[in-house]
Amino acid sequence: MIEPLVTLESALEHGLTEEEYSWIINKLGRAPNFTELGVYSVMWSEHCSYKNSIALLKTLPKDGGRVLVGAGEENAGLIDIGDGLAVCFKIESHNHPSAVEPYQGAATGVGGILRDIFTMGARPIAALNSLRFGNLDDPRTKYLFEGVVKGIGDYGNCFGVPTVAGEVYFDESYKGNPLVNAMAVGIVKTNQTATATAKGAGNPVMIVGSSTGRDGIHGATFASEEISAKSEAKRPSVQVGDPFTEKLLLEATLEIIKEDIIIGIQDMGAAGIACSTSEMSARGKSGMKIDLQHVPLRESGMTSYEIMLSESQERMLVVAKKEHEADVKKIFDKWDLNCETIGYVTDENILEIDYYGERKATLDADHLVLGGGAPVYYRETKKPEYLDKKHSFNFQKIPQAESIENTFFKVFSSLNIVSKQWVYEQYDSMVRTNTVVGPGCDAAVIRIKDTDKALAVKTDCNGRYVFLNPRRGAMIAVAESARNVVCSGGVPLGVTNCLNFGNPYKPEVYWTFKEAVEGMAEACRILQTPVTGGNVSFYNESPESSVYPTPTIGMVGLIEKPSHITESYFRNSGDSVYLLGTDKEELGGSEYLKVIHGLVEGNSPGIDLLLEKQLQDTLFNLIREGLIQSAHDITEGGILCALAECCIIRNNSMTGAKVNIPVGTREDFSFFSESQTRVIVSVSQEKKKDFEKFVSASGFPFILLGITGGDSLDINDRYSFRLEELADIYFNTISGIMNVKV
């Protein structure tokens, strides 16, 4: 096939700028051919090169603590958890594919993040997700929501990994551009980890797993542009997943790593063969000579351009030890998977790509990749004009609630507060039998077999807070995810992040991104949670608007003993209920303000990170000393909603409470305030004195709210809410909406 002639116009059509095209010509000493242009276009896309974010990402703390592999070093982060074991985890986005093909977009997002885990040598033990949609009264939003949830559930269930935690938010800002962030967690022995490196001249380069087709071509480029009316035509850019093949690929991959017969291995995710060959070569300061004629294809007539850029799923690139090439093939044959040698490693840092005897590309591997020759930009910033106006909002102008009862029922019925049971019941959260605390509590807890240890895992972000104050909102996302881990009995170990923002070429968007990264960095330093990796997803915009800036945080914590595992709900009647922390009547960006008054105004709640660290340390020590029965942090909806959740989360055994909530200037302000650094705990009567003595010595503020018991939530001797009615709202609201045919 005669390839098209490359011009500036074709380079622009591939998403490159005129300046970038001139850099390529200067590097090559000639114009690129069509295959080379395709490789550069995907490798220098935002999705692969991080060209508009890498300079800021380098400011995040990635070392310290128990980190073994930090951000940007490998496919996923790695943290030592003792006993010769490490936890491997990462989060990534699949937003644009899910917007045009929700089922496959979400499913392949799960598949891709799982491969990032097991290419490190780790066996996946848990999956999480963070999802954002428009309002469910919109038929298309319902279609996207249903498809995404089914895609996540089907892939994870078939693969055999428990989906144990996550979050779902609904807001009109996400209507045209939903966010689908997938996270995976795995366990590996520290002496059996793998690296995505190619080195050793003559070592064979092998493609393993599924055959290659045309699905997913230019998926990385598609992820690096705004959603538009033309996006529907880009369904071919969405990959198609096969979880059963992925399960086989997992077992074969872990076997070749355990047998120590390979040099390196990398998932073929975004940009396919183009990415894996260049990144592995650059990491090993070597090159490769590849013959695409040997790549197993499932479609006829594929060109070198298509083969290099295909993002067909369930594939890996393996560099084997030359004396073990036959051993690698034998293992993949046993698992009934393709395993073909397509080239070998060279000493020069050059990729040479041949196809049926014709040289199709000669490229400097280092020039293609992040940290090498890929562009690095510092974009213009400008503070958005809306912020000062939002921050000057006068909350005293808000009319007082005529009925606290009706107001509470409306806020508690918000889709952002009610249980996401309709979602997580479609996921198998118990497969592999390691799930101790599943979806619904502050964080999920997964035990580590053959040890006393467990992991507490959580994803978190309130995009509304970040919209109102990017720096503070990002701090809150880190603080809340860590707080949830501590509420479950864990010590926060580290962070993975998925940074979902709009178009970085817009100064207001880039200012917001910069502020959020700096806020996240500060929170991670103070809370001692280094960043081990993640993903940047720009261009999350539709023709109507940009999404709320949403820096999703994935947090992993270590629970040393089974006795430390703590749940969110009241366990027994007669326990004392305490509030750790202080309310400041903060309603900026609150669910109350949005649901009751239709407003997104004010500043986000304040966050004192040193006080937050004090709370988390105090709470963890209380758990370690066995002084509390339950712990639940106060977030969306305020203390009244949090107390209701404490009463009803354990739906099959609910426990009421009689409490007195301190009221400041107004009841509605106090009841629905979303002030941070607050946790509700319950304490048995026999531990009450020890609890009060311990917290008093710590210096952290606390008050006694009341006592558990009964079949209602009674507030300030004025309001009483039947648990049965609260549970019906909490557990049935979303399922009631989704049972209506779209």
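Because the structure is predicted, anything quoted here is derived from the model rather than measured.
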Walk me through whether W44 and H14 qualify under ring pair (Phe, Tyr, Trp, His ring centres under 6.0 Å). CA-CA 10 Å; W44 283 11; H14 275 70; over 10 Å; no
Between S312 and R298, does a side chain to side chain donor-acceptor pair (under 3.5 Å) hold up when you go through it step by step? CA-CA 10 Å; S312 293; R298 62 169 176 259; 3.3 Å; yes
Any side-chain heavy-atom pair from [X] and [Y] closer than 4.5 angstrom?
X    : Y    : result
I262 : I257 : yes
I79  : F89  : yes
E92  : N181 : no
N535 : Y50  : yes
Y143 : P102 : yes
E3   : T35  : yes
M268 : I273 : yes
I91  : T552 : yes

Can you check whether [Y]'s main-chain N or O pairs, donor with acceptor, with [X]'s side chain at less than 3.5 Å?
X    : Y    : value
T163 : L128 : no
E311 : A271 : yes
S10  : T7   : yes
N203 : V319 : no
S546 : E541 : no

Roughly how far apart are [X] [atom1] and [Y] [atom2], rounded to 0.5 Å?
X    : Y    : atom1 : atom2 : value
L8   : T17  : CG    : OG1   : 9.5 Å
M43  : K51  : CE    : NZ    : 12.0 Å
R315 : L337 : CZ    : CG    : 13.5 Å
I353 : M288 : CD1   : CE    : 9.0 Å
Y21  : Y40  : OH    : OH    : 12.0 Å
C498 : K90  : SG    : NZ    : 10.0 Å

Looking at [Y] and [X], is there a salt bridge between them, counting it only when a charged N and a carboxylate O are closer than 4.0 Å?
X    : Y    : result
K321 : D260 : yes
K247 : E251 : yes
D366 : K27  : no
K506 : E380 : no
E255 : K334 : yes
E246 : R115 : yes

Walk me through whether F118 and M316 qualify under side-chain contact (heavy atoms from CB on, under 4.5 Å). CA-CA 11 Å; F118 64 79; M316 304 279 197; 3.0 Å; yes
For atom [atom1] of [X], decide whether the heavy atoms of other residues, nucleotides or ligands shown that lie under 6.0 angstrom number more than 12.
X   : atom1 : result
E18 : CD    : no
E9  : CD    : no
N26 : CG    : yes

Minimum heavy-atom separation for [X] and [Y], please, with both atom names.
X    : Y    : result
A76  : V69  : O-CG1, 3.7 Å
G38  : S41  : O-OG, 2.8 Å
I265 : A194 : CG2-CB, 4.0 Å
G284 : T197 : CA-CG2, 3.5 Å
I125 : V161 : C-CG2, 3.9 Å
L254 : A122 : CD2-O, 3.9 Å

Test applied, side-chain contact (heavy atoms from CB on, under 4.5 Å); reference residue, I342; option that passes from D354, I207, L292: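 Result: among D354, I207, L292, I207 is the only option passing the side-chain contact (heavy atoms from CB on, under 4.5 Å) with I342.
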Walk me through it: do F513 and F538 pass the test ring pair (Phe, Tyr, Trp, His ring centres under 6.0 Å)? CA-CA 10 Å; F513 176 71; F538 281 135; 4.9 Å; yes
Would you say [Y] and [X] are linked by a side-chain donor-acceptor pair, where the criterion is simply a distance under 3.5 Å?
X    : Y    : answer
D154 : Y103 : yes
T119 : D267 : no
N338 : S211 : no
Q313 : S210 : no

Should C275 and Q266 be marked as a side-chain contact (heavy atoms from CB on, under 4.5 Å) after you check the CA-CA gap, both sets of side-chain angles, and the distance that decides it? CA-CA 9 Å; C275 183; Q266 179 159 322; 4.3 Å; yes
Do K199 and M280 pass the side-chain contact (heavy atoms from CB on, under 4.5 Å) test, and can you show the C-alpha distance, the side-chain angles, and the key distance before you say yes or no? CA-CA 8 Å; K199 58 184 178 181; M280 291 184 76; over 6 Å; no
S281/R283 under side chain to side chain donor-acceptor pair (under 3.5 Å): CA gap, chis, key distance, verdict: CA-CA 5 Å; S281 295; R283 190 173 282 114; over 6 Å; no
Are the ring centres of F145 and F133 closer than 6.0 Å? yes
From the options K360, R359, R30, select the one residue that forms a salt bridge (charged side-chain N to carboxylate O under 4.0 Å, His left out) with E36.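 Result: among K360, R359, R30, R30 is the only option passing the salt bridge (charged side-chain N to carboxylate O under 4.0 Å, His left out) with E36.
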Residue pair E259, D327: steps toward the side-chain contact (heavy atoms from CB on, under 4.5 Å) verdict: CA-CA 9 Å; E259 294 295 322; D327 297 323; over 6 Å; no
Give a yes/no verdict on a cation-pi contact between R379 and Y377, requiring under 6.0 Å between NZ or CZ and the six-membered ring centre and an angle within 45° of the axis. yes
